[in-house]
Every structure is written in C-alpha cells, then in structure tokens.
Amino acid sequence: MLRVMVVGGGAREHTLVWKLLQSNRVAEVFVAPGNAGTAAIARNLDISPTDLDALSQAAKDNEIGLAVIGPEAPLSRGIVDILRDLGIPAFGPTGDAALIESSKVFAKRLMHKYGIPCARDAIFSSFDEARDYVKKQALPVIIKADGLAAGKGAIVAQSTEEALSALSDIMEARIFGDAGNQVLVEECLVGQETSLIAFTDGKTVVPMIPARDYKRAFDQDLGPNTGGMGCYSPPSFSDHELTNMLTKTILEPVVQAMAREGKLYKGVLYAGLMLTSDGPKVLEFNARFGDPETQVQIPLLKSDLVDIMLAVIDGTLDQTQVEWSDDACVGVVMASGGYPGSYKTGLPITGLDKVDSDLLIFHAGTGAEGEKICTAGGRVLTVVATGKSVAEAREKVYQNLSLIHFEGCYYRKDIAAEEE
Ligand code: AMP
Ligand code: GLY
C-alpha cells in the first residue's frame, strides 16, 4: 500500500487527491499545503509548494511512495529531480523537461527545429530592438515574456501603443522579474482555440478526454483574464478524430523531440492550440494538469489514477488502460468578489451541506476557522456535476450553485451554455 503526497493547494489538487483515494493501492494521502477540502479527506502539510527542501524532507519523513506535483513552479525548479534522487517516485517532468512551459523561448526553438506548427515569432533580449521590430508588425500583435508569469505573461496587443507599453512593462519595469529577460513577439493566430492534455511516459502519448475552459471573468467572455472560471467535458466540437489528429501531429512529435534533445518528458503535457485555416498551431505548452480542466476530466476517468501515474514514471504507459466514462461533466468556479483583482478573505461559506449528494465540490481558496469553512483565495470552489449529457450536468450544477453562498461571491452563468 502506498503513501502518496500531492503538492499544491487548488481545486485541481483536491480533485487529484479525491481520485487517488479511490485507488485500492493507496493507504494515505498527504497534501502540501492543501485546503479545507483536502483536510476533510487527507492530511494537509503546512508546506509551500515552492519550499523544495521542506517538501523533500516531508516525503522522506512520511515514507512517500508516490509524489504528484500539481503546479508549474515546483516542477520548473526541479522537485521531480530532487525526489527521484532520493528514490521517491514523482509524477511530473524533470526541471529540464518542464522548460517546455517555463521558457517560451525554449518551446518555440524546439518547435521550429522539429517542424511543429506554431505562430511566426522573433525573440529579443534588447528592449530597443524589440521596440523597432514591434513598430513594423501587423496588428494585433502578441507580446510574451519568456518565463513563468502566473498566466499573465502573454499580451494580445490591439495597437502599437499597447504592444510597446507591454514591452516596456516586461523589459524595462520588469513586472515579471527575470521572466522578462527575453520576450517573444508573435503573429496573431485566428481560429477556434482548444487544448489537448495527455499523459505521457516519454514514448507513449495517451490523450485525456477533451475539455473546454473559460478564461474571462464574466459571461460572454467579458472582463479580465483569470486562472479559469469554469470548464466542461466533452465539448461537441472536439471529437475522437480531432483528438487523434492533434495527438499524432503535435503531441507525439513534441514528446519525440524532447527525448531527442535529452529531456525525456514524463507526466502530463498540455498543449494550448489554435485551429487555424492553415491547420492546428501551438500557442503554448504547460507541463502539468489543467486547472479547472482536471476538475471535469478526472471525474470521468474510469481507470485507476495510481496505475497510470506509476506507468508514466516506469515507462510502461503502453501496457496500461486509460478508460473514460461516456458521461459529461460541468464545473463552475465560485470566486471572491473582486477576483482577479483584490478581494476579501476569511468570509464564511454557507450551504455546502445543502447540495445534492452526488455533486462534487472541489475546494481551492478555502480554510477552516474553527468549525466554519471560510474563503482564503480568489478562486474559492469548483462545483462539479456529472450527467448523461453536458446539458444535464449543466442544469444540475447551476441548481446546486444557488444553495452555496459567501459574501461577494460570483460565478459565470454561461459555462457550457453553447451545448444547450
Ligand atoms: P499563452 O500564455 O501563450 O497560452 O497565451 C495566453 C492566451 O493568449 C492564449 O490562450 C490565447 O488566447 C492568446 N494567444 C497567445 N498566443 C497567441 C497567438 N500567437 N495568436 C493569438 N492568440 C494568442
Ligand atoms: N486552464 C488553463 C491552465 O491550466 O493553464
């Protein structure tokens, strides 16, 4: 029996903990740092996901037999390498392999070298050169900081002024610190945006069921970009044929390219894609599970997640079953008033005990204050329902959402509305 440690504290990690506990190979799950939702089903450890020393000490002390890394920051800093050197199986790419997310310049150079379709770009480390180049580009133009910037590093500039101000913020004011040492200036791709997320052991690529997420804060895709306000699976525009085509033309060549570069990629590989009139092109890669995609994908996974993760680590994914349910899943994020800007925390959440028993509530920014569960972050909960169809799951989730409340809470009313 395994003792498992999950690193991270969002609804994505709560979902992974919930699923891992369903495996009959798991004795106990620890979460660093977790939230009030994970505290109810597992053991939270008061450790930051970027405190690599404390994480590896906790993994040793608790005799962890499988570590699962949620967020990109510990992956890019090499937590998987550290744990592996201690003999602890860790799910996720090594620091070198995580460069596919943590350096957009690395990812673009890799794609150009191996002929993987993506936007035309130019790379700059000098502000003056970037400025001169940007002035000559067609609009809109895309400006991207090279490094990790908590999802805020890509700016779609509608005017030259906006592009120059983004360049100046990144390269002169250095709002993302060293992540802005280099910038990418990209052509703007037009088309339907989609993502493809897969398990890979560095050789075999097994796509997950497709999911559509919603990045903007408000209905009809208005308002500022967020970490994600909701998600559903499967979207009707994304069938098996498209998934297989994207796996063959994008994900498999990328995984082979990483192996050839000496950066064997194991874990979850997430490709953000634009389906253009010229064919699919890559917008970005993430080196991890999606959030909120995980909250609607993992409840549809019929197979044992521990089996899949250990097969990824051992390189035996080709011999492992990854089966998905035919049901549909809709997840809606309840956020604090003001998010993604500033917001209050410590507000009591009511109604969690009133919802249907088959509803899934995955916690993100929550904490316990005495007996009460209170808000502790911007995205507070992902409320998830499954059903025979997306429409059925959608109806169920919205009926229940109105029962949960905290001061100032808001959520989008149009998640999965296009499937009605
Ligand atoms: P990224 O962080 O690279 O995924 O960019 C964030 C978002 O910016 C994407 O989800 C797209 O909506 C948009 N984006 C990024 N690159 C491009 C591009 N070359 N053309 C059009 N939109 C883009
Ligand atoms: N939902 C987008 C992401 O996880 O990056």
Side-chain angles (χ1 to χ4, degrees), residues 9-19 21-22 29 31 34-44 213-214 217-219 226-233 291-300 325 327-339 343-417 419-420:
R12 168 181 58 199
E13 286 77 17
H14 186 183
T15 310
L16 295 173
V17 170
W18 168 83
K19 178 69 180 174
L21 281 166
Q22 290 167 23
V29 178
V31 198
N35 52 45
T38 61
I41 56 173
R43 257 180 66 193
N44 284 359
D213 75 336
Y214 295 76
F218 309 128
D219 286 14
T226 70
M229 293 300 292
C231 206
Y232 72 92
S233 175
D291 186 347
E293 287 89 338
T294 301
Q295 292 91 298
V296 298
Q297 290 172 316
I298 290 299
L300 298 176
S325 147
D327 288 347
C329 210
V330 177
V332 180
V333 171
M334 294 190 82
S336 297
Y339 172 79
Y343 49 82
K344 283 201 238 171
T345 57
L347 304 167
I349 306 170
T350 57
L352 291 171
D353 51 348
K354 297 210 172 62
V355 300
D356 292 346
S357 58
D358 62 343
L359 207 78
L360 298 166
I361 300 184
F362 296 121
H363 291 227
T366 66
E369 289 187 15
E371 293 286 285
K372 280 195 216 141
I373 294 186
C374 293
T375 66
R379 287 192 295 172
V380 176
L381 305 166
T382 311
V383 181
V384 175
T386 45
K388 290 281 159 238
S389 65
V390 173
E392 187 188 310
R394 176 172 201 274
E395 191 179 322
K396 204 189 297 180
V397 84
Y398 277 109
Q399 270 170 5
N400 281 277
L401 268 170
S402 57
L403 303 172
I404 307 171
H405 185 74
F406 50 91
E407 186 193 313
C409 74
Y410 82 95
Y411 55 86
R412 278 184 64 156
K413 312 282 190 297
D414 64 344
I415 304 301
E419 303 280 342
E420 288 281 87

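Since we're looking at a predicted model, the values are computed, not measured.
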Requested in this report: Report the distance from atom CD of Gln297 to atom SG of Cys231, rounding to the nearest 0.5 Å.
Outcome: 6.5 Å
Query raised in the report: What pairs of residues pass the salt bridge (Lys or Arg N to Asp or Glu O under 4.0 Å) test when at least one of them lies in residues 375-396, not counting sequence neighbours?
Result: Asp291-Arg379, Asp327-Lys388, Asp358-Lys396, Arg394-Glu420
Report summary line: For Thr382, the side chain to side chain donor-acceptor pair (under 3.5 Å) test, sequence neighbours excluded, returns Gln295
Report task. Report the distance from atom CE of Met229 to atom CG of Asp414, rounding to the nearest 0.5 Å. Result -> 10.0 Å
Query raised in the report: Under the side chain to side chain contact (heavy atoms under 4.5 Å, CB included) test, which residues partner Phe218, sequence neighbours left out?
Result: Leu222, Pro224, Tyr410
Query raised in the report: Do Ile361 and Ile404 have side-chain heavy atoms sitting under 4.5 Å apart?
Result: yes
Report task. Give a yes or no on this: more than 12 heavy atoms of other residues, nucleotides or ligands lie within 6.0 Å of atom NZ of Lys413. Result -> yes
Query - Cys409/Val380 under side-chain contact (heavy atoms from CB on, under 4.5 Å): CA gap, chis, key distance, verdict - result: CA-CA 9 Å; Cys409 74; Val380 176; over 6 Å; no
Report task. Name all residues meeting the side chain to side chain contact (heavy atoms under 4.5 Å, CB included) criterion together with Gln22; count only those two or more places apart in sequence or in a different chain, and write none if there are none. Result -> Trp18, Lys19
Using a 3.5 Å cut-off and no angle test, enumerate the donor-acceptor pairs between side-chain atoms of residues 35-44 and protein atoms at least two apart in sequence or in another chain.
from, atom 1, to, atom 2, distance (Å)
Asn35, OD1, Gly37, N, 2.9
Asn35, OD1, Thr38, N, 3.0
Asn35, ND2, Gly9, O, 3.1
Asn35, ND2, His363, O, 2.8
Asn35, ND2, Ala364, O, 3.3
Thr38, OG1, Asn35, N, 2.9
Thr38, OG1, Asn35, O, 3.0
Thr38, OG1, Asn44, OD1, 2.7
Arg43, NH1, Glu28, OE2, 3.4
Asn44, ND2, Asn35, O, 3.0

Query raised in the report: Quick one: are Leu381 and Leu352 in side-chain contact, heavy atoms under 4.5 Å?
Result: yes
Query raised in the report: Looking at residues at least two apart in the chain, or sitting in another chain, which of them share a side chain to side chain donor-acceptor pair (under 3.5 Å) with Ser336?
Result: none
**Report entry** Qualifying side chain to side chain donor-acceptor pair (under 3.5 Å) pairs, either residue in residues 348-357, two or more places apart
**Finding:** Asp356-Asn400
Query - Residues forming a side chain to side chain contact (heavy atoms under 4.5 Å, CB included) with Ala368, sequence neighbours excluded - result: none
Query raised in the report: Which residue pairs satisfy the ring pair (Phe, Tyr, Trp, His ring centres under 6.0 Å) criterion with at least one member in residues 367-409, sequence neighbours excluded?
Result: none
Report summary line: For Glu293, the side chain to side chain donor-acceptor pair (under 3.5 Å) test, sequence neighbours excluded, returns Tyr270
Donor-acceptor contacts under 3.5 Å from residues 369-377 side chains, at least two apart:
from, atom 1, to, atom 2, distance (Å)
Thr375, OG1, Gly346, N, 3.2
Thr375, OG1, Leu347, N, 3.1

**Report entry** Non-hydrogen atoms of Val333 and Gly230 that approach each other most closely
**Finding:** CG2-N, 3.9 Å
Report summary line: Taken to the nearest 0.5 Å, the spacing of Thr15 OG1 from Leu360 CG works out to 8.0 Å
Report summary line: When rounded to the nearest 0.5 Å, the distance separating CG of Leu359 from OG1 of Thr386 is 8.5 Å
Report task. Under the side chain to side chain donor-acceptor pair (under 3.5 Å) rule, collect the residues that match up with Tyr214, sequence neighbours excluded. Result -> Glu418
